[in-house]
Protein chains: 2
Amino acid sequence: METETATNWLSDDEQCAWRTYLDVNRMLTYQMEKDLQPFGLTNNDYEILVNLSESADRRMRMSDLAAATLQSKSRLSHQITRMENAGLVRRENCESDRRGLFAVLTEHGTETMEKVAPHHVASVRRHFIDLLSGEALADLRESLAPVADHLRGHRGKI
Amino acid sequence: METETATNWLSDDEQCAWRTYLDVNRMLTYQMEKDLQPFGLTNNDYEILVNLSESADRRMRMSDLAAATLQSKSRLSHQITRMENAGLVRRENCESDRRGLFAVLTEHGTETMEKVAPHHVASVRRHFIDLLSGEALADLRESLAPVADHLRGHRGKI
DNA sequence: CCTAAGAAGTTGAATTCTGAACCAAGTGTG
DNA sequence: CACACTTGGTTCAGAATTCAACTTCTTAGG
């Protein structure tokens, strides 16, 4: 009597879709990183800058920023230290909760963001957005949104 | 006279699609990593194992493996060293080109692969494939394939 | 042949990332 | 109020990654 459940392997089509997805993923990340390099920024740096620049007062609590970027507190702490040394952000105390800190975009950080953003958008267009039809893009969003929701609800679980 | 070209910012829809894509990307990577952890493997480890196990004689030249996984030679070298220490692969000399080395799956590597693969497939299904309809999956593949081709042709360029 | 150029890999130092341990400050409960 | 518990964040040590030499072997030219 078979107790082990037979593995539900991926069909050829599924396999192919999955691999394509993985490939795009990796190559796109790689390319974005390359396109950011001339400006002395990494993908991580840029993501922090985006998050801060879109927040009220260009500031975010460390833990919110960590959650938003799906990084560990530890990693974010290091990351912000580096960006602080680069003059892009600074840490500021939180009045209402004295354990807390804000990461705040500096003037230089803001300028950097304004300078780099157009190039980054161009890069995103060139290597992704503009290669998809409007319909394909809409489909992509609709297909991926439930996946995103699923994964968001799954944080930290097995 | 304006010499600078106005930036072609992303529309709301484009922005949303792009962010969803990025989010799925990050969360999915994270989740795959977590699901592999109980087996003592990382995503990188697993990818190497997949590549090797699908190759003739369960072996690949170091540089081919590096190209296939989009890693630098250096990184792959370190990675293989680690996996060698874990008994998953071994290095073997190449007869026809004495500079060359093969990374070869060991018996233990093969067994590990056989043990882990079903769980990994289940994970891929649970967090991605099974959340998409067959049609969505086909669309995804068709949409992403040109992106993959574009990026493949772009390796290393600005 | 002999040499220069290039390809295959490795190595080592500097940087980044991870995970656990830690400190300090807020929260809630009897 | 005092206690334990949680939350916000940093720090340290160990592991992984990057980057720039460096070694060995191959190949192409003269």
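Just so it is clear, the values below take in all heavy atoms, side chains as well, and ignore hydrogens, waters and symmetry mates. Numbered from 1 within each chain, the chains take letters A, B, ... in sequence-line order.
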Length of the line joining [X]:[atom1] and [N]:[atom2], which is rounded to integer Å:
X: B:Asp64; N: C:dG9; atom1: CG; atom2: C1'; answer: 13 Å
X: A:Glu92; N: D:dG8; atom1: CD; atom2: C1'; answer: 17 Å
X: A:Arg61; N: D:dT10; atom1: CZ; atom2: P; answer: 11 Å
X: B:Gln79; N: D:dT17; atom1: CD; atom2: P; answer: 6 Å
X: B:Leu76; N: C:dA7; atom1: CG; atom2: C1'; answer: 16 Å
X: A:Ile80; N: D:dG8; atom1: CD1; atom2: C1'; answer: 14 Å
X: A:Gln71; N: C:dT16; atom1: CD; atom2: C1'; answer: 11 Å
X: A:Leu101; N: D:dT7; atom1: CG; atom2: C1'; answer: 13 Å

Which nucleotide in the list [options] gets nearest to the side chain of [X]?
X: B:Arg75; options: D:dT18, D:dG8, D:dC12; answer: D:dT18
X: A:Arg98; options: C:dG26, C:dC17, D:dT18; answer: C:dG26
X: B:Ser74; options: D:dC19, C:dC17, D:dT26; answer: D:dC19
X: A:Asp97; options: D:dT11, D:dT17, C:dG26; answer: C:dG26
X: A:Lys73; options: D:dC12, D:dG8, C:dG9; answer: D:dG8
X: B:Ser77; options: D:dG9, D:dT18, C:dT10; answer: C:dT10
X: A:Arg99; options: D:dT7, D:dT18, C:dC17; answer: D:dT7
X: A:Met62; options: C:dG9, D:dT11, D:dT10; answer: D:dT10

Pair [X]-[Y], side-chain donor/acceptor within less than 3.5 Å:
X: A:Asp35; Y: A:Gln31; result: yes
X: A:Thr81; Y: A:Arg91; result: yes
X: B:Asp23; Y: B:Thr20; result: no
X: B:Arg19; Y: B:Gln15; result: yes

query = Ignoring hydrogens and angles, are the base of D:dG9 and the side chain of A:His78 linked by a donor-acceptor pair under 3.5 Å?
reply = no
ask   = If you find the nucleotide of DNA chain D closest to A:Arg91 and the one closest to A:Gln37, which residue's nucleotide is nearer the 5' end?
value = A:Arg91
ask   = Any side-chain heavy atom of B:His127 sitting closer than 4.5 Å to one from A:Leu151?
value = yes
message = Regarding B:Asn93, tell me which of base, sugar-phosphate or nothing describes its non-hydrogen contacts under 4.0 Å with the strands shown.
response = nothing
query = Is B:Glu33 touching bases, backbone alone, or none of the nucleic acid, heavy atoms closer than 4.0 Å?
reply = nothing
query = So, is A:Asn44 near the phosphate of C:dT16, with a side-chain N or O under 4.0 Å from OP1 or OP2?
reply = no
key: Position toward the 5' end of DNA chain C (nearest nucleotide), A:Glu95 or A:Arg82   = A:Arg82
inquiry  = Between B:Phe39 and B:Tyr46, is the ring pair (Phe, Tyr, Trp, His ring centres under 6.0 Å) condition met? List the steps.
reply    = CA-CA 10 Å; B:Phe39 302 100; B:Tyr46 190 81; 9.4 Å; no
